[in-house]
2 protein chains.
Amino acid sequence: MAKNGNISTSVIKRLPRYYRFLGELEKQGIERISSRELSEMMKLTASQIRQDLNCFGGFGQQGYGYHVASLRDEIGHILGVDKEFPTILIGAGNLGKAIAMHINFGTRGCRLAGIFDANPRLTGETVGSIAIRHTDEIEEFCKEEHPVIAVLCIPKANTQAIADKLVELGIKSFWNFSHYDLTIDHKGIEVENVHLGDSLLTLTYRTNQLGKAEDE
Amino acid sequence: MAKNGNISTSVIKRLPRYYRFLGELEKQGIERISSRELSEMMKLTASQIRQDLNCFGGFGQQGYGYHVASLRDEIGHILGVDKEFPTILIGAGNLGKAIAMHINFGTRGCRLAGIFDANPRLTGETVGSIAIRHTDEIEEFCKEEHPVIAVLCIPKANTQAIADKLVELGIKSFWNFSHYDLTIDHKGIEVENVHLGDSLLTLTYRTNQLGKAEDE
DNA sequence: TAGATTGTTAATCGATTAACAATC
DNA sequence: TAGATTGTTAATCGATTAACAATC
């Protein structure tokens with residue numbers, strides 16, 4: 001299997017969604033599904049599903065379809081849900097705490113190993129079962145625990161500097177929630193910028209368009 | 001101006017980013033910028049920028065470029081930042097509170113008018129300056145205040161039912177954070193699904209690929 | 001075997017990039 | 001005017017969809 005290699009990002013971005021839908025199907029006790037049935041559930045074309053899955057290998061069987069449980073396992077494995085990338089979160093404000101509590105890192109190949117904040121008043125406070133450390137301790141922590149992923153929930157002014165520092169300390173991937181477009185020029189570093197504000201603005205745009213259509 | 005109409009979603013999704021970068025430039029006191037300069041900052045092509053902006057009108061001037069402040073204003077207007085869509089947020093758990101506190105609704109064409117939670121113990125507690133109401137009050141609230149946008153920070157099991165109810169109460173647009181793919185079949189309803197877990201999972205995938213490349 | 005449904009190739013569609021005439 | 005840079009058309013590229021032979 002896994003004739004992996006250069007998969008387009010369009011495909012990659014659909015994989016977690018397949019994974020979720022297959023999880024639901026499995027939970028409902030459904031054993032097999034055809035690309036056509038799945039396409040109706042997910043509101044995309046059967047062709048696209050078959051095309052996407054075939055980037056990684058022939059997971060289906062002619063005349064039968066796909067075995068839900070094993071397809072889900074395959075996709076999970078491709079995504080890396082069976083990994084345990086040590087992960088740190090920087091910035092334990094409203095958003096940082098919420099991300100720490102709300103996201104199940106464990107089911108997504110990550111292990112949340114440490115939380116840091118520059119505010120000494122937060123030091124020692126716990127989020128879930130994890131104590132907040134002061135940011136001064138990041139360096140030592142990285143040398144001991146070798147985290148690979150950093151979640152950034154910090155003000156935009158500090159983001160680039162902190163990220164550069166973290167790269168030196170061995171961080172390979174950033175999940176960036178600050179209102180700043182993080183770019184790292186070193187290669188071998190991955191960045192996922194989440195811009196919640198941008199997401200809301202596109203909804204505002206579409207809401208506004210609804211009103212205009214009415215007027216015609 | 002505004003030869004608006006059927007703009008592709010690829011373009012729409014880039015608009016908030018243009019808006020942010022132009023805001024930064026304006027803050028730095030930069031008056032004019034060419035598509036080439038902007039393309040270098042934003043890491044996309046000058047051609048794409050000119051193409052994108054021309055969907056809406058000729059905002060530039062040959063031989064000069066674009067006037068930063070007025071281009072920003074134009075894009076802001078297109079996005080609808082000058083609107084005040086009344087917005088309600090349902091689910092005042094970790095994530096709901098964080099969204100309420102962390103997102104500046106006002107600068108994005110929205111006015112956060114109410115926060116609701118099913119847990120009566122939260123009723124009366126304030127988030128920012130807004131008191132949490134019990135979900136039983138949503139109906140009355142909608143009849144009085146006519147909110148247009150709903151932010152859903154609720155468990156996936158309830159999402160579809162609550163959304164359907166809200167459509168009846170006049171909500172036009174959903175910003176959905178639940179781990180559920182909300183689809184509304186009524187037309188004239190907009191949905192923006194935010195799947196933070198999916199976002200993390202694509203980062204896990206890429207992090208995993210980094211390790212593999214090393215082995216070659 | 002016959003029916004169903006995949007894997008895969010070919011056709012279409014849309015988005016991005018390149019090029020250049022228009023024009024400030 | 002000459003130089004710069006847009007607006008816009010044409011060319012390219014990539015992603016999606018359609019079609020169908022392979023095969024379970």
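So you know, we letter chains A, B, ... as the sequences are listed, proteins then strands, and number each from 1.
- In plain terms, the two heavy atoms of E192(A) and T202(B) that are nearest each other are OE1-OG1, 3.7 Å.
- Between F85(B) and F105(B), the ring centre distance reaches or exceeds 6.0 Å.
- If you check the side chains of S34(A) and E37(A), you find a donor sitting under 3.5 Å from an acceptor.
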**Complete:** Parsed dot-bracket for DNA chain D after applying the Watson-Crick and G-U rules with both distances under 3.5 Å and | for other-strand partners is ..||||||||||||||||||||||
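- Under 4.0 angstrom from either OP1 or OP2 of dG7(D) there lies no side-chain N or O belonging to R50(B).
- The stretch residues 60-73 of chain B touches DNA chain D through G60(B), Q61(B), Q62(B), G63(B), Y64(B), G65(B), Y66(B), each having a heavy atom under 4.0 angstrom from the strand.
- Between the side chain of Q51(B) and the base of dT9(D) there is at least one donor-acceptor pair of N/O atoms closer than 3.5 Å.
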Using distance only, find each side-chain donor-acceptor pair of residues 15-25 of chain A under 3.5 Å and give its atom names and separation, not counting sequence neighbours.
| from | atom 1 | to | atom 2 | distance (Å) |
| --- | --- | --- | --- | --- |
| R17(A) | NE | D181(B) | OD2 | 2.5 |
| R17(A) | NH1 | M42(A) | O | 3.3 |
| R17(A) | NH2 | M42(A) | O | 3.1 |
| R17(A) | NH2 | D181(B) | OD2 | 3.3 |
| Y18(A) | OH | D52(A) | OD2 | 2.6 |
| Y19(A) | OH | R72(A) | NH2 | 3.4 |
| R20(A) | NE | D198(B) | OD1 | 3.1 |
| R20(A) | NE | D198(B) | OD2 | 3.4 |
| R20(A) | NH1 | D181(B) | OD1 | 2.3 |
| R20(A) | NH2 | D181(B) | OD1 | 3.0 |
| R20(A) | NH2 | H195(B) | NE2 | 3.3 |
| R20(A) | NH2 | D198(B) | OD2 | 2.8 |
| E24(A) | OE2 | K156(B) | NZ | 3.1 |

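- In terms of phosphate contacts, Q48(A) brings a side-chain nitrogen or oxygen within less than 4.0 Å of OP1 or OP2 of dT16(D).
- The stretch residues 8-27 of chain A comes close to DNA chain D through S8(A), S10(A), R14(A), each having a heavy atom under 4.0 Å from the strand.
- For the pair D52(B) CG and dG14(C) C1', the computed distance is 14 Å after rounding to whole Å.
- Residues I138(A) and I162(A) are not in side-chain contact: their nearest non-hydrogen atoms beyond the backbone lie 4.5 Å or more apart.
- Residues in residues 165-184 of chain B take part in these ring pair (Phe, Tyr, Trp, His ring centres under 6.0 Å) pairs, two or more places apart or across chains: H102(A)-H179(B), W175(B)-F177(B).
- Rounded to whole Å, the distance from CG on N54(B) to P on dA21(C) is 18 Å.
- At a non-hydrogen distance threshold of 4.0 Å, R32(A), S34(A), S35(A) from residues 29-47 of chain A come into contact with DNA chain C.
- With hydrogens and angles left out, the side-chain atoms of E190(A) and T207(B) include no donor and acceptor closer than 3.5 Å.
- Taking atom CZ of F59(A) as the reference point, atom P of dG7(C) lies 9 Å away to the nearest angstrom.
- Donor-acceptor pairing under 3.5 Å is lacking for the side chains of T204(A) and R108(B).
- Two residues are said to be in side-chain contact when any heavy atoms from C-beta on lie closer than 4.5 Å; L196(A) and I99(B) meet this criterion.
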